[in-house]
*Asks:* 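My structure is below; once you've seen it, I'll send some questions.
Bear in mind the structure is a predicted one, so any value in this text is a computation, not a measurement. Just so it is clear: chains get the letters A, B, ... in the order the sequence lines come, proteins before strands, and each one is counted from 1. Atoms considered below: every heavy atom in the structure, side chains included; atoms not considered: hydrogens, waters and symmetry mates.
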2 protein chains.
Amino acid sequence: MATAEVLPERKVYRVHREKQLCRILESAERLFDERGIDRVTMAEIVSAAGLRPSTLYQYFSSKDDIVWALVRQTMERSALRIQSTVEKAHGLALDRISALMEGLTEQLVKWPEEVRFMAQFDALYARDWSAERLLSPEAELFPDGFTHLTTLIHEGIADGSLRADLDPQISMHAALNAAVATQRRLASLGSRVEAEYGQPVERLFREATRVILQGLSAQ
Amino acid sequence: MATAEVLPERKVYRVHREKQLCRILESAERLFDERGIDRVTMAEIVSAAGLRPSTLYQYFSSKDDIVWALVRQTMERSALRIQSTVEKAHGLALDRISALMEGLTEQLVKWPEEVRFMAQFDALYARDWSAERLLSPEAELFPDGFTHLTTLIHEGIADGSLRADLDPQISMHAALNAAVATQRRLASLGSRVEAEYGQPVERLFREATRVILQGLSAQ
DNA sequence: TTCAAATTCGAATGAATAGTACGAATTTCA
DNA sequence: TGAAATTCGTACTATTCATTCGAATTTGAA
């Protein structure tokens, strides 16, 4: 009692645990995408991951735990990918916004399951997620905070690439939100879109971002 | 066997049944919005409607039945409301599109729970809905079919209100889809949007539609 | 008021489900 | 090789769920 106890320094097989964690998350992600988050049971995840129930509970204490881990992972991944796309872009503000849209397109085409998962998150979890738990997707995209977006508008007006009548406080938020919303809805509807509109998802999304960019552009 | 049996002409207390049906659907709608479709149990719907389980099953054979009835009802209602908004609009194609966007705004502001419900539908049910079961939201809006949208672009280019470089085959689909997607995502995120962007949902949505319209507009 | 049929109720059933507990077997890695 | 970390196997509890069935109640027409 007199001296602080040294923490047990519990030994752990880190690489092994990391791999198991991955197995579980991958299985869960696939199942969530195939059947919807709320319809997937722990037992299914267990057997998809090739484990026993008691083992799974060594890693996650509930399905919600798994969901949140996946959300975090997915957001981080997609933020990194899109950031790297955007970083390559220089020049006019409009071009940088265009690069951002291109990043969203790439994600939609290459990792539609991720986008679908985030769409489920939007519709089901976003409303009662606690702020501490997670940054918003946009915040994840722009670590400097939303001032970055506001600045972008200012720069664009200054360099003549964006319309002068845009409102720095909200235009960029609105445009980005519209793009993300469109991306996620198209991912969710998937082949149904193609059947009804007779156009591939990618084409429709590109056209949507083109319209949005056109709406921001100076001429 | 020789003669066809006359159908029993089963007697039914129509007005009573209609009222009960309403009770059930209203209770279910509220619960679905509060807690998410897949997390609501039959027992909850039952008690929210003030019935016994066995009574509910006289009206709906499963939760899916209830969901689909609600989807149909919600789509019909919103399509009617928006149609009436659009019908009042005349003149340039751009103005008619603008009226459509205004209709979406009104719906978002006045009946956000309906929009949230449809957002859940998009994310969870849309992928495996059978075409016979339901028209798409856009098809519901435009009974004449999608040719209407294509025509609208043609007219807009002709009357000089829309950009000449739009693609009649997809521009309008893309714009409408973007607007609907934005509307549903904003409804889902709700107060979270306001907390993070510091702007009311309505303001953000109006700005998004403004950008989209600007992107379609000739100058 | 009466009566048959429509509707509701009460109670019960069986199936899934989440989550736990613990000792034995297996794997990891120093 | 050996100690410890991890998994397995199994069994168990308790809950929640959807659904059914026959009895009771209510309805509306005569």
Side-chain angles (χ1 to χ4, degrees), chain A residues 5-32 34-71 120 124-125 128, chain B residues 5-32 34-71 120 124-125 128:
Chain A
E5 198 83 43
V6 174
L7 283 179
E9 185 64 34
R10 176 181 168 78
K11 194 173 163 188
V12 160
Y13 296 166
R14 277 176 217 291
V15 289
H16 174 77
R17 286 190 80 87
E18 201 63 36
K19 210 169 358 182
Q20 292 285 66
L21 220 89
C22 246
R23 272 165 80 87
I24 296 170
L25 287 180
E26 274 168 18
S27 305
E29 184 173 40
R30 192 169 40 77
L31 287 169
F32 289 164
E34 285 170 4
R35 322 227 336 274
I37 296 175
D38 284 336
R39 297 179 178 185
V40 174
T41 69
M42 288 299 258
E44 285 173 307
I45 299 175
V46 160
S47 82
L51 299 175
R52 302 288 122 179
S54 39
T55 305
L56 180 77
Y57 282 95
Q58 306 270 350
Y59 291 86
F60 295 98
S61 67
S62 69
K63 205 174 77 179
D64 255 24
D65 259 20
I66 300 179
V67 171
W68 285 101
L70 267 178
V71 171
Q120 282 194 59
L124 295 172
Y125 284 76
D128 49 39
Chain B
E5 199 83 44
V6 174
L7 283 179
E9 183 66 34
R10 175 182 170 80
K11 193 173 164 185
V12 160
Y13 298 165
R14 277 177 217 292
V15 288
H16 174 78
R17 285 190 80 86
E18 200 64 35
K19 209 169 358 182
Q20 293 284 66
L21 218 89
C22 247
R23 274 166 79 87
I24 296 170
L25 288 180
E26 275 169 17
S27 306
E29 185 174 38
R30 191 169 41 77
L31 288 169
F32 289 163
E34 284 169 4
R35 323 226 337 274
I37 296 175
D38 282 336
R39 296 179 179 187
V40 174
T41 69
M42 289 298 258
E44 286 173 307
I45 300 175
V46 159
S47 82
L51 300 175
R52 300 287 123 179
S54 37
T55 305
L56 181 80
Y57 281 93
Q58 305 275 346
Y59 292 85
F60 295 98
S61 67
S62 70
K63 205 175 77 180
D64 256 25
D65 259 22
I66 300 180
V67 171
W68 285 101
L70 267 178
V71 172
Q120 281 194 59
L124 296 173
Y125 284 75
D128 50 40

*Asks:* Please state how far atom CD in B:Q58 lies from atom C1' in D:dA18, giving the value in whole angstrom units.
*Replies:* 15 Å
*Asks:* Expressed in angstrom and rounded to an integer, what is the separation of B:R14 atom CZ from C:dA6 atom C1'?
*Replies:* 13 Å
*Asks:* Can you name the closest pair of heavy atoms from A:V40 and A:I45 and give their distance?
*Replies:* CG1-CG1, 3.7 Å
*Asks:* Between atom CZ in B:R39 and atom P in C:dA18, what is the gap in whole Å?
*Replies:* 13 Å
*Asks:* Using only side-chain N and O atoms of B:R17, determine if any of them is under 4.0 Å from OP1 or OP2 of C:dT7.
*Replies:* yes
*Asks:* Side chain of B:Y57 only, please: which of D:dA18, D:dT7, C:dA18 is the nearest?
*Replies:* D:dA18
*Asks:* Mind checking side chain to side chain contact (heavy atoms under 4.5 Å, CB included) for B:Y57 and listing every partner two or more places apart, or none if nothing turns up?
*Replies:* B:M42
*Asks:* Please round to 10 degrees the angle between the axis of the first five pairs and the axis of the last five pairs in the helix from C:dT1-D:dA30 to C:dA30-D:dT1.
*Replies:* 30°
*Asks:* Please tabulate, one pair per line, each protein N/O and nucleotide N/O from nucleotides 10-16 of chain D that are separated by under 3.5 Å, including the distance.
*Replies:*
none

*Asks:* Could you check how far CG of A:L21 sits from P of D:dT7, rounded to whole Å?
*Replies:* 11 Å
*Asks:* Could you run down the sub-3.5 Å N/O contacts of the protein with nucleotides 26-30 of chain D?
*Replies:*
residue, atom, partner, partner atom, Å
D:dT27, O2, B:Y13, OH, 2.9

*Asks:* Given A:E44, which of A:R30, A:R39, A:R35, A:K63 fulfils the salt bridge (Lys or Arg N to Asp or Glu O under 4.0 Å) condition?
*Replies:* A:R35
*Asks:* Heavy-atom distance under 4.5 Å between the side chains of A:I66 and A:F32, does that happen here?
*Replies:* yes
*Asks:* Under a 4.0 Å N-O cut-off, is there an ion pair linking B:E18 with B:R14?
*Replies:* no
*Asks:* Which heavy atom of A:I37 sits nearest to which heavy atom of A:Q120, and what is that distance?
*Replies:* N-OE1, 2.9 Å
*Asks:* Is A:Y59 close enough to D:dT7 that one of its side-chain N or O atoms is under 4.0 Å from OP1 or OP2 there?
*Replies:* yes
*Asks:* Please report, rounded to the nearest Å, how far the P atom of D:dA18 is from the NZ atom of B:K63.
*Replies:* 7 Å
*Asks:* Please give, in whole Å, the distance from D:dT7 C1' to A:I24 CD1?
*Replies:* 12 Å
*Asks:* Report the distance from atom CZ of B:F60 to atom C1' of D:dC17, rounded to the nearest whole Å.
*Replies:* 19 Å
*Asks:* Any non-hydrogen side-chain atom of B:Y59 less than 4.5 Å from a side-chain atom of B:T55?
*Replies:* yes
*Asks:* Return the value, rounded to whole Å, for the distance between atom CG of B:L51 and atom C1' of D:dT25.
*Replies:* 15 Å
*Asks:* Could you tell me which non-hydrogen atom of A:Q58 sits nearest to which non-hydrogen atom of A:R17, and how far apart they are?
*Replies:* O-NH2, 3.1 Å
*Asks:* Once side chain to side chain contact (heavy atoms under 4.5 Å, CB included) is applied, do any residues pair with B:A43, and if so which ones, sequence neighbours excluded?
*Replies:* B:T41
*Asks:* Give me the atom names and distance for the closest heavy-atom approach of A:A48 to A:S27.
*Replies:* O-OG, 3.5 Å
*Asks:* List in chain and number order the residues that pass side chain to side chain contact (heavy atoms under 4.5 Å, CB included) with B:S54, two or more places apart in sequence or in another chain; answer none if no residue qualifies.
*Replies:* B:R52
